[in-house]
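Before any comments, here is the structure.
Order of the sequence lines fixes the chain letters, A, B, ..., with proteins taken first and strands second; residue numbering starts at 1 for each chain. Just so we're clear, the structure is a prediction, and the values are computed from it rather than from any experiment.
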Amino acid sequence: MGYDPKDPLKDRITDIGPRNYEDFLPPVIKENYGKWLYHDILEPGVLVHVSETGAKVYTVRVGGCRLMSVTHIREICEIADKHCGGHLRFTTRNNIEFMVDDESKLKPLMEDLESREFAGGSKKFPKGGTGAGLTNIVHTQGWIHCHTPAIDASGIVKAVMDELFDDFKDMRFPAHVRISLACCLNMCGAVHCSDIAILGIHRMPPMLDHEHLGNMCEIPLAIAACPTGAIKPATVDGKKSVAVNNERCMFCGNCYTMCPSMPLADEVGSGVALLVGGKISNRISEPKFSKVVVPFIPNEPPRWPSTVDAIKKILYAYVEDAKKYERLGDWAERIGWERFFEKTGLPFTGHLIDDYRFAYTTWRQSTQFKF
Amino acid sequence: MAKHKTPMLDELEKGKWPSFVSDIKQEAENREKTNVDLQAPKDACSDLLGLLELTYVDKVVHWKHGGIVGVFGYGGGVIGRYCDQPDQFPGVRDFHTIRVNQPSSKFYSTEFLKQLCDLWERRGSGLTNMHGSTGDIILLGTTTPQIEEIFWELTHNLDQDLGGSGSNLRTPSDCIGMGRCEYACYDTMALCYNLTMEYQDELHRPAFPYKFKFKFDGCPNGCVASIARADMSVIGTWRDDIRIDQEAVKGYVGGEFKPNAGAHSGRDWGTFDIQKEVIGLCPTHCMEWDGKKLKIDNKECTRCMHCINVMPRALRIGQDTGASILFGAKAPILEGAQMSTLTVPFMKIEDPYDELNGLIEKVWDYWSEEGKNRERLGEMIQRVGFQKFIEVCELEPDPRMIQEPRSNPYIFWKEEDVPGGWDRDVKEFRKKHQR
């Protein structure tokens, strides 16, 4: 029994989709589905949801690395078997949620989670990520498994979360803060509406591997991939290839996505940009995009100190100064971006003034500014 | 004894946040001593650490560009990945990704996860992402001969299919919805599951101009971020009145209940002030509090959720619930980032979802016909215009769809808009108007 390479279509099953979610719901969730009345955050990382039937579900939320070994998942299962009747869930932001249906089961679960550490000393299951505080950073693959990254992902996330660890476990911020990381402009993790976005960018035009480009790439696709029309066909040493007008390159890397013979990543050229003030929720103000406030920070493995430092400056200027319920972007808009740079101590440079399409709408057409 | 020295990665074992380096190391050790008849390289994890350490030194990634691998009959779900230093790190020479379609809202039984772990320990690296950015379970790293074996075991033993990749419907995802949230305006888990099943062909066999994402948020809080990252964002809403429990409002004012479900309890923000914190922050100023009774002029409410978030015991979403449908969000590549544009202000979302399916198919038919290669729906809408898009959707123009009317008067009138059409005789014109 099993797959037979000699007869690959034998007993083949396709198009069956994911497992039905109803197979996986804990009884208290199934019984109270659609009947929830209200919730409370009992302490950072601990929620209670109350149903109209009177039933309650207690949730302990813990941070997780989205990169996880099967050994670690088995440990998560062991905890869920011991305390939660064999059920658990993951959140959109890579947290793990353990649920129990009785308050008495909460303390042993929390103590168990708290006691577990990796061999290197880090916490396996830090409790937190709720309410007006910092939750987990959503991120992309980075150097561990992607072919187009400008920066690492897991390493930067670890460095930032280590530094902000206490705020993952607290709720002292004016509103919740969502930090996200995408390791290149493709943004497979869309970070462009985050309170703080860590984004991998390039600063060098693609290298051209003329020797192989004609064979490796569909040249018309590489040309069409360029949003600024900077790529044109060329013959180099008798071989079909392309030429790039470097002056027009916006370093998006879209050509490399279409053509492996045009690599951009570079030790000096690639690094981190920081964007701030975006949001998803419609609460009070409308959803908004994040804005670039730090154009470039070099890659500094293993702990990216300059990136961590800039994030702390932004975050703590906001935490100090914002009003209750005010998201980072709402705060920046209220005080004005001129004040934002003053209060965070970040330098304002020409790189931060938009010169792409529709840039005009981001310049100031009024005399209402602050000195 | 570790196969490769990793002094830089070892720095990432320090600190309190869970260390992915420690986790990969424990997996590497377990692979070293396991009795399982591993079908993928034993050194996958230790060589991955070695390769990552080298990347930390070089500061440029060591994975080659792409590589076409997959399972027979599908055009997505597996992503090829090859290391550019295969001699030094043979355990990750080929290290392909398998995307596995996650269940709605990511609830699991441990039984299922343990089965998946057993499969992946034996036939892959033992490393995963729980979960990838789009929502899939990502199985990270296996060799080409294992791919069909894994697919066979997933479908036969786990009753589980792959997710999407490439120019197809990407694996849909949703918020927790009615599973554990009082704000859910429709059943996100059911809709996510049903549409995923309905469009299996579109998910597995890339036939679109580019990727297409569905995401389902149960309310305007938007926990699954559909408005920023889905080509079609379905966001729960309601069109009747917010339900008020006046006694519970007094409970908040009197300090009996913590505002915002206790979300701000880490700092002393002073006594709860309903005037300042709720009435004054309402974006449409449609609320009043006279010290005894809370009034909401629901007709003026834009359902931003703030008052409900602050007083969840006192205020509840309405009962005539459904969803707003928005189209066209995407990350910056290529034409700049876009958020989804409100297209259907309100639609009832109830099984069998015929109205929504009809809308989806109209949009896909047009995009498949008119979209350029690698043009996301949002970019196509910008190119052809929103007027054209709603015509395609067979919708009437509605002021709710726009932020403001156009400020330029360059209206692209059509001939049929003008009585008598555009045909004129210049000779007749000249009879009245000399040159």
Q) Would you call Lys30(A) and Asp23(A) a salt bridge, using N to O less than 4.0 angstrom? A) no

(Q) I need the residue from Met130(B), Glu13(B), Met8(B) with the largest number of non-hydrogen atom pairs under 4.5 Å to chain A. (A) Met130(B)

(Q) Taking side chain as everything from C-beta outward and backbone as N, CA, C, O, which of these in Ala190(B) sits under 4.5 Å from a heavy atom of chain A? Side chain, backbone, both or neither. (A) both

Q. In terms of heavy-atom proximity below 4.5 Å to chain A, should Phe151(B) be classed as side chain, backbone, both, or neither?
A. side chain

Q | Closest approach of Val100(B) to Leu154(B) (non-hydrogen atoms, all atoms of both residues) | A | CG2-CD1, 4.0 Å

Q | Close side-chain approach of Pro259(B) to His264(B), heavy-atom, < 4.5 Å | A | no

Q: Between chain B and each of Glu22(A), Gln141(A), His176(A), count heavy-atom pairs under 4.5 Å; write down the option with the most.
A: Gln141(A)

Q) Think Lys106(B) forms a cation-pi with Phe90(A), using NZ or CZ under 6.0 Å from the six-ring centre and within 45 degrees of its axis? A) no

Q. Which bit of Pro44(A) is near chain B, if near means a heavy-atom gap under 4.5 Å: side chain, backbone, both or neither?
A. neither

(Q) Check Glu148(B) with Arg12(A), please: is the shortest side-chain N to carboxylate O separation under 4.0 Å? (A) yes

Q.
With a 4.5 angstrom heavy-atom cut-off, is it the side chain or the backbone of Asp58(B) that approaches chain A, or both, or neither?
A. backbone

(Q) Any heavy-atom pair between the side chains of Leu158(B) and Leu116(B) that's under 4.5 Å? (A) yes

Q: Answer with side chain, backbone, both or neither: which region of Ile24(B) has an atom nearer than 4.5 Å to a non-hydrogen atom of chain A?
A: side chain

Q) Should Arg172(A) and Asp166(A) count as an ion pair when the cut-off is N to O under 4.0 Å? A) no

Q: Give, as side chain, backbone, both or neither, the part of Glu97(A) having an atom under 4.5 angstrom from any heavy atom of chain B.
A: side chain

Q: Could you check which of Lys16(B), Gln160(B), Glu149(B), Glu53(B) has the highest count of heavy-atom pairs closer than 4.5 Å to chain A?
A: Lys16(B)

Q) Which residue, Arg81(B), His62(B), Lys64(B), forms the side chain to side chain contact (heavy atoms under 4.5 Å, CB included) with His147(A)? A) Arg81(B)

**Q.** Exercise: do Asn136(A) and Arg93(A) side chains pair donor with acceptor under 3.5 Å
**A.** no

(Q) Using heavy-atom distances under 4.5 Å, tell me whether Cys252(A) contacts chain B through its side chain, its backbone, both, or neither. (A) both

Q | Residue Ser270(A) versus chain B: region with a heavy atom under 4.5 Å | A | neither

Q: State plainly whether the residues Asp40(A) and Arg313(B) are in salt-bridge range, i.e. N to O under 4.0 Å.
A: yes

Q.
Do Leu140(B) and Thr128(B) have side chains that approach each other closer than 4.5 Å (heavy atoms only, starting at C-beta)?
A. no

**Q.** Residue part contacting chain B, namely of Thr130(A), when any heavy atom lies under 4.5 Å
**A.** neither

Q: Could you look at Thr171(B) and say if it's the side chain, the backbone, both or neither that has a heavy atom under 4.5 Å from chain A?
A: neither

Q: Measure the shortest side-chain to side-chain distance between Ser226(B) and Ile235(B) over non-hydrogen atoms and say whether it is less than 4.5 angstrom.
A: yes

Q. Where on Arg180(B) is there a heavy atom nearer than 4.5 Å to chain A: the side chain, the backbone, both, or neither?
A. both

(Q) Taking side chain as everything from C-beta outward and backbone as N, CA, C, O, which of these in Thr196(B) sits under 4.5 Å from a heavy atom of chain A? Side chain, backbone, both or neither. (A) side chain

(Q) With a 4.5 angstrom heavy-atom cut-off, is it the side chain or the backbone of Met189(B) that approaches chain A, or both, or neither? (A) both

Q: Only counting residues at least two apart or in another chain, list the ones meeting salt bridge (charged side-chain N to carboxylate O under 4.0 Å, His left out) with Glu117(A).
A: Lys123(A)

Q: Determine the option with the most heavy-atom pairs under 4.5 angstrom with chain B, choosing from Asn186(A), Asn299(A), Ile284(A).
A: Ile284(A)

**Q.** Structural part of Arg205(B) lying under 4.5 Å from a heavy atom of chain A
**A.** side chain

Q. Heavy-atom distance under 4.5 Å to chain A: side chain of Tyr183(B), backbone, both or neither?
A. side chain

Q) Which of the residues Ile176(B), Leu203(B), Val71(B) is involved in the greatest number of heavy-atom pairs with chain A at under 4.5 angstrom? A) Ile176(B)

Q: Could you check which of Gly253(A), Gly155(A), Pro263(A) has the highest count of heavy-atom pairs closer than 4.5 Å to chain B?
A: Gly155(A)

(Q) At a 4.5 Å cut-off on heavy atoms, which part of Thr91(A) comes close to chain B: side chain, backbone, both, or neither? (A) backbone

(Q) Can you tell me which portion of Gln338(B) sits under 4.5 Å from chain A's heavy atoms? Options are side chain, backbone, both or neither. (A) backbone

Q. Considering only heavy atoms from C-beta outward, does the side chain of His204(B) approach that of Gln200(B) to under 4.5 Å?
A. yes

Q) Checking Leu221(A) against chain B: side chain, backbone, both or neither under 4.5 Å from a heavy atom? A) side chain

**Q.** Carboxylate-amine/guanidinium contact Arg267(B) Asp170(A), below 4.0 Å
**A.** no

(Q) Out of Ser281(A), Ser122(A), Cys183(A), return the one with the most heavy atom pairs under 4.5 angstrom to chain B. (A) Ser122(A)

Q) For Lys114(B), what residues pass the salt bridge (charged side-chain N to carboxylate O under 4.0 Å, His left out) criterion, not counting sequence neighbours? A) Asp81(A)

Q.
Just so I understand: if I count every heavy-atom pair under 4.5 Å between each of Glu277(B), Met305(B), Glu153(B) and chain A, which residue has the most?
A. Glu277(B)

Q) Charged N to carboxylate O below 4.0 Å: is that the case for Lys35(A) and Glu52(A)? A) no

Q) Does any heavy atom of chain A fall under 4.5 Å from the side chain of Ala228(B), the backbone, both, or neither of them? A) both

Q) Is chain B contacted by the side chain of Val138(A), its backbone, both, or neither, given a heavy-atom distance below 4.5 Å? A) neither

Q. Relative to chain B, which segment of Phe165(A) carries a heavy atom at a distance below 4.5 Å: side chain, backbone, both, or neither?
A. side chain

Q: Between chain A and each of Gly222(B), Gly126(B), Pro312(B), count heavy-atom pairs under 4.5 Å; write down the option with the most.
A: Gly126(B)

Q: Indicate yes or no: does Lys124(A) engage Glu75(A) in a salt bridge with an N to O separation below 4.0 Å.
A: yes

Q.
I'd like to verify something: which residue of Leu9(A), Ile76(A), Thr140(A) has the highest number of heavy-atom pairs under 4.5 Å with chain B?
A. Leu9(A)

**Q.** Within-4.5 Å side-chain heavy-atom neighbours: Arg316(B) and Leu37(A)
**A.** yes

**Q.** chain B contact via Asp11(A) - which portion, at a heavy-atom distance below 4.5 Å
**A.** both

Q.
Is Leu12(B) close to chain A through its backbone or its side chain, or both, or neither, when contacts mean heavy atoms under 4.5 Å?
A. both

(Q) So for Lys372(B), is it side chain, backbone, both, or neither that comes closer than 4.5 Å to the heavy atoms of chain A? (A) neither

Q | Contact class of Tyr256(A) relative to chain B, heavy atoms under 4.5 angstrom | A | both

Q) Roughly how far apart are Phe289(A) CZ and Cys193(A) SG, rounded to 0.5 Å? A) 5.5 Å

Q. Relative to chain B, which segment of Val160(A) carries a heavy atom at a distance below 4.5 Å: side chain, backbone, both, or neither?
A. neither

Q | Most contacts with chain B, counted as non-hydrogen pairs under 4.5 angstrom, among Asp266(A), Ile41(A), Val28(A) | A | Ile41(A)

(Q) Using modelled atom types and a 3.5 Å cut-off, is there a donor and acceptor pairing between side-chain atoms of His39(A) and backbone atoms of Leu47(A)? (A) no

Q.
Tell me which of these, Leu281(B), Leu334(B), Thr302(B), has more heavy-atom pairs under 4.5 Å with chain A than the rest.
A. Leu334(B)

